[in-house]
There are 2 protein chains.
Amino acid sequence: MTSIDDVARASGVSTATVSRALRGLPNVSAATREAVLATADALGYVVSSSASGLATGRTLAMGVVVPNVSRWFYATVLEGIDAELRRVGYDTILFNLGLKGEDRERVFHRSILRKRTDAVIALCLDFTPSEREQLASLGHPTIVVGGPVNGLRHLGIDELAVARAATDHLIGLGHRAIGHLAGHPEHGLNKRVPRRRRRGYELAMAAAGLPVRPEWIEPSDFDIAGGREAALRMLGRSSRPTALFAASDEMAIGAILAARELGIEVPGELSVVGIDNHALAETFGLTTIAQDPFGQGRLAAELMLAELAGEPPRTDLIDVPTALIERASTAPPPAATSRL
Amino acid sequence: MTSIDDVARASGVSTATVSRALRGLPNVSAATREAVLATADALGYVVSSSASGLATGRTLAMGVVVPNVSRWFYATVLEGIDAELRRVGYDTILFNLGLKGEDRERVFHRSILRKRTDAVIALCLDFTPSEREQLASLGHPTIVVGGPVNGLRHLGIDELAVARAATDHLIGLGHRAIGHLAGHPEHGLNKRVPRRRRRGYELAMAAAGLPVRPEWIEPSDFDIAGGREAALRMLGRSSRPTALFAASDEMAIGAILAARELGIEVPGELSVVGIDNHALAETFGLTTIAQDPFGQGRLAAELMLAELAGEPPRTDLIDVPTALIERASTAPPPAATSRL
DNA sequence: TTGAAAGCGCTAACAG
DNA sequence: CTGTTAGCGCTTTCAA
């Protein structure tokens with residue numbers, strides 16, 4: 001491995017000058033800089049991150065804690081983060097907890113805390129008090145993407161408002177019998193997200209003077225399989241709603257699949273709305289409240305980088321924008337249609 | 001930040017002893033070790049990876065180059081890798097190229113080569129000669145998961161055999177008119193994977209003396225939307241096959257969706273088989289050749305770690321096992337059924 | 001604009 | 001079993 005000394009020797013200057021030239025510091029003559037860059041390139045020199053990290057106290061790496069990379073939302077946020085970091089020369093260190101969370105202890109105790117990162121971005125997690133304390137004790141910038149967590153900064157959509165907007169969309173179409181595919185509080189994940197989305201639904205219904213029937217709230221996993229099963233249960237009953245607000249697009253797609261299996265027409269006999277604007281939403285013609293996880297990831301990375309650059313931390317709640325996208329899965333209810 | 005000196009001072013021993021005690025080296029008395037561990041814990045001491053990396057020449061980090069984290073296969077391999085690495089105290093450094101690949105240059109030149117990793121695992125990528133050379137010049141262990149690459153070690157399924165097995169399954173059921181949803185060679189991704197899967201299909205057909213009709217080979221993206229569109233094209237024509245071998249489960253699911261939209265019954269009028277055993281395969285009752293991306297990731301990590309531990313590199317081709325899983329998407333063709 | 005030299009925090013010989 | 005000491009490769013004063 002060629003070191004900075006090799007480059008210095010080969011270009012006939014001191015290591016200090018090489019260091020300065022390579023990092024683009026101002027106090028180097030143009031001629032020297034060029035010469036140094038050329039020899040460094042010729043020798044295939046690359047700075048050792050360990051050495052430079054030790055000298056500067058900066059690792060140029062960001063820790064990203066993810067419940068599960070194979071879920072669309074997390075994966076997409078992760079891509080947004082990585083894209084932004086890569087742009088400025090930062091590395092992404094991945095901490096995948098695994099949905100069952102067996103690795104949490106290991107990740108928190110042994111890995112995150114290993115002084116390998118300058119800052120940490122956590123996705124939509126629920127932290128134990130001890131984990132929160134450990135994160136805080138790191139003393140470096142931290143932010144949570146996707147669900148409010150006590151005592152930690154947070155960035156995400158306004159869950160309540162989004163759920164209300166989705167439900168209101170159905171109400172606005174004339175639906176009165178509206179069910180909700182609610183998310184399970186999943187182990188280790190932020191439990192406020194499913195709770196708030198359900199609460200938003202309840203508030204919207206109440207505001208419209210519509211009854212919420214307990215049998216029309218069906219909890220399930222946040223994915224397609226979960227949504228399908230929950231919808232099969234709910235739609236198989238004698239009296240079923242004319243519309244469904246699903247807590248995520250994947251669940252909504254599951255509901256559409258279930259409806260097809262049961263011979264229920266969407267949107268003719270059943271309207272379905274979700275949240276996310278998942279990659280598959282368009283394929284299924286799903287009406288949804290779009291959020292932009294890639295952008296959220298990028299924003300989180302930008303915020304952390306800004307702080308590392310010395311800017312004062314933003315302490316306000318950061319709500320990112322969402323937008324209703326109307327596709328083919330929602331329509332007025334059968335009764336309302338005949339009334340027209 | 002408490003350093004090793006703080007711990008040494010607080011426990012009244014030398015830094016060397018602290019280092020030894022903390023790393024579990026044998027030459028430390030039980031009493032000393034316990035005392036050191038206790039004070040280290042009390043002080044919240046964590047080793048600096050930069051310092052230790054600089055001293056040992058080991059970063060305890062593995063680079064993982066991924067085309068796109070939001071694709072199921074890559075995400076799952078990544079989880080397998082991370083789980084194994086985490087187990088032994090290694091960190092995962094993620095290099096997400098992005099499907100469009102705009103970041104490749106940056107990743108290769110500026111990041112991977114930054115001496116931050118002890119080894120590199122790349123997923124299913126296609127490398128330019130220059131990239132390959134750069135990887136090799138790193139001089140540390142490297143492996144590719146998911147598609148053979150010239151000049152680099154590789155681990156994955158036997159693409160040809162798997163494609164043949166899938167096609168043979170259809171042939172065995174009595175199908176003679178079998179179409180293929182072929183994968184596009186995607187930019188930056190290993191082009192041999194779609195090519196070999198198609199070749200396997202062709203070989204199986206030829207071996208059974210069955211004609212391959214060009215209009216029954218429809219290329220598309222490897223995902224659900226791509227499979228759906230390709231299937232819509234193929235199945236909308238006047239004469240359509242009675243069975244479809246899709247190059248991936250996502251494409252196969254897209255085909256099932258397309259069939260439903262066209263009112264074609266699966267498996268009554270159309271059999272569909274895929275490759276992967278994707279998380280959704282069961283939901284869709286999809287017959288498929290299962291592979292285990294999580295296990296492949298874990299295996300790749302194990303191989304790299306073994307080499308880093310000084311074991312001689314395995315140079316043989318490593319084919320991981322696959323298995324046919326019969327579900328509800330395949331059955332004998334209509335004609336054959338009536339013949340029974 | 002450049003160089004000399006002192007660390008950054010840890011590990012690994014080498015002594016004892 | 002434990003301590004001393006010399007680096008690992010880089011950055012950063014401080015001088016020149």
Side-chain angles (χ1 to χ4, degrees), chain A residues 1-37 39-40 43-61 89 110 113-118 138-140, chain B residues 1-37 39-40 43-61 89 110 113-118 138-140 308 310:
Chain A
M1 282 289 91
T2 61
S3 78
I4 197 173
D5 292 294
D6 301 325
V7 180
R9 221 169 302 127
S11 43
V13 296
S14 70
T15 62
T17 301
V18 173
S19 175
R20 288 190 276 250
L22 257 29
R23 282 177 303 149
L25 297 192
N27 41 359
V28 180
S29 78
T32 323
R33 160 161 300 127
E34 212 161 314
V36 169
L37 287 175
T39 46
L43 268 52
Y45 169 76
V46 191
V47 54
S48 149
S49 65
S50 298
S52 128
L54 181 55
T56 58
R58 281 297 191 80
T59 63
L60 296 186
R110 295 229 304 252
L113 310 166
R114 212 191 290 158
K115 297 181 187 163
R116 195 195 266 288
T117 59
D118 294 335
L138 278 174
H140 55 217
Chain B
M1 282 290 92
T2 61
S3 78
I4 198 172
D5 293 295
D6 300 325
V7 180
R9 221 168 303 127
S11 42
V13 296
S14 71
T15 62
T17 301
V18 173
S19 177
R20 289 190 277 250
L22 257 30
R23 282 179 300 149
L25 297 191
N27 42 358
V28 180
S29 79
T32 322
R33 161 162 297 128
E34 211 163 313
V36 169
L37 286 174
T39 47
L43 267 53
Y45 168 76
V46 191
V47 54
S48 149
S49 65
S50 299
S52 133
L54 181 55
T56 58
R58 282 298 190 81
T59 63
L60 297 186
R110 297 231 302 254
L113 311 167
R114 213 191 290 158
K115 297 181 186 164
R116 195 195 266 290
T117 59
D118 294 335
L138 278 175
H140 56 216
L308 290 171

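Just so it is clear, the values below take in all heavy atoms, side chains as well, and ignore hydrogens, waters and symmetry mates. In the text below, chain A, chain B and the rest are named by the order of the sequence lines, each starting its count at 1.
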### Query
How long is the line joining CG of A:L54 and P of D:dC10, in whole Å?
12 Å
### Task
Quickly work out the A:R116 CZ to C:dC10 P distance and round it to whole Å.
14 Å
### Task
Grab the CG-P distance between B:L25 and C:dT11 for me, whole Å please.
9 Å
### Message
Please report the distance, rounded to the nearest Å, between CZ in B:R20 and P in D:dT2.
### Response
8 Å
### Task
Quickly, which of A:D6, A:T2, A:V7 forms a side-chain contact (heavy atoms from CB on, under 4.5 Å) with A:T39? Name it, please.
A:V7
### Query
Are B:T32 and D:dT2 close enough that a side-chain N or O sits under 4.0 Å from OP1 or OP2?
yes
#### Entry: Between C1' of C:dC8 and NZ of A:K115, the distance in whole Å
12 Å
### Query
Roughly, in whole Å, what's the span from CZ in A:R23 to C1' in D:dC10?
8 Å
### Query
Any side-chain heavy atom of B:T32 sitting closer than 4.5 Å to one from B:T17?
yes
### Query
For D:dT11, does either OP1 or OP2 sit under 4.0 Å from a side-chain N or O belonging to A:S19?
yes
### Summary
Here the distance between atom C1' of C:dC8 and atom CZ of A:R58, to the nearest Å, is 15 Å
### Query
Measuring from B:S11:OG to B:E34:CD, what's the distance to the nearest 0.5 Å?
13.0 Å
### Query
Is any side-chain nitrogen or oxygen of B:T17 closer than 4.0 Å to OP1 or OP2 of D:dT2?
no
### Query
Want to settle it: does A:N27 or B:A16 sit nearer the 5' end of DNA chain C, counting the closest nucleotide to each?
A:N27
### Task
Please determine, for the side chain of A:V13, which listed nucleotide (D:dC10, C:dT11, C:dG3) has the closest atom?
C:dG3
### Query
Looking across every strand, which nucleic acid part, if any, lies under 4.0 Å from A:S50 by heavy atom: base, sugar-phosphate, or nothing?
nothing
### Message
When you measure from the side-chain N and O atoms of A:S48 to the phosphate of D:dG9, is any distance below 4.0 Å, counting only OP1 and OP2?
### Response
no
### Separation of atom CG in B:L22 from atom C1' in D:dC1, rounded to whole Å
17 Å
### Query
What do the steps show when you test A:R23 against A:V47 for side chain to side chain contact (heavy atoms under 4.5 Å, CB included), and what is the final call?
CA-CA 10 Å; A:R23 282 177 303 149; A:V47 54; over 6 Å; no
### Query
For D:dT2, does either OP1 or OP2 sit under 4.0 Å from a side-chain N or O belonging to B:S29?
yes
### Task
May I ask you to test the A:S19-A:I4 pair for a side-chain heavy-atom distance under 4.5 Å?
yes
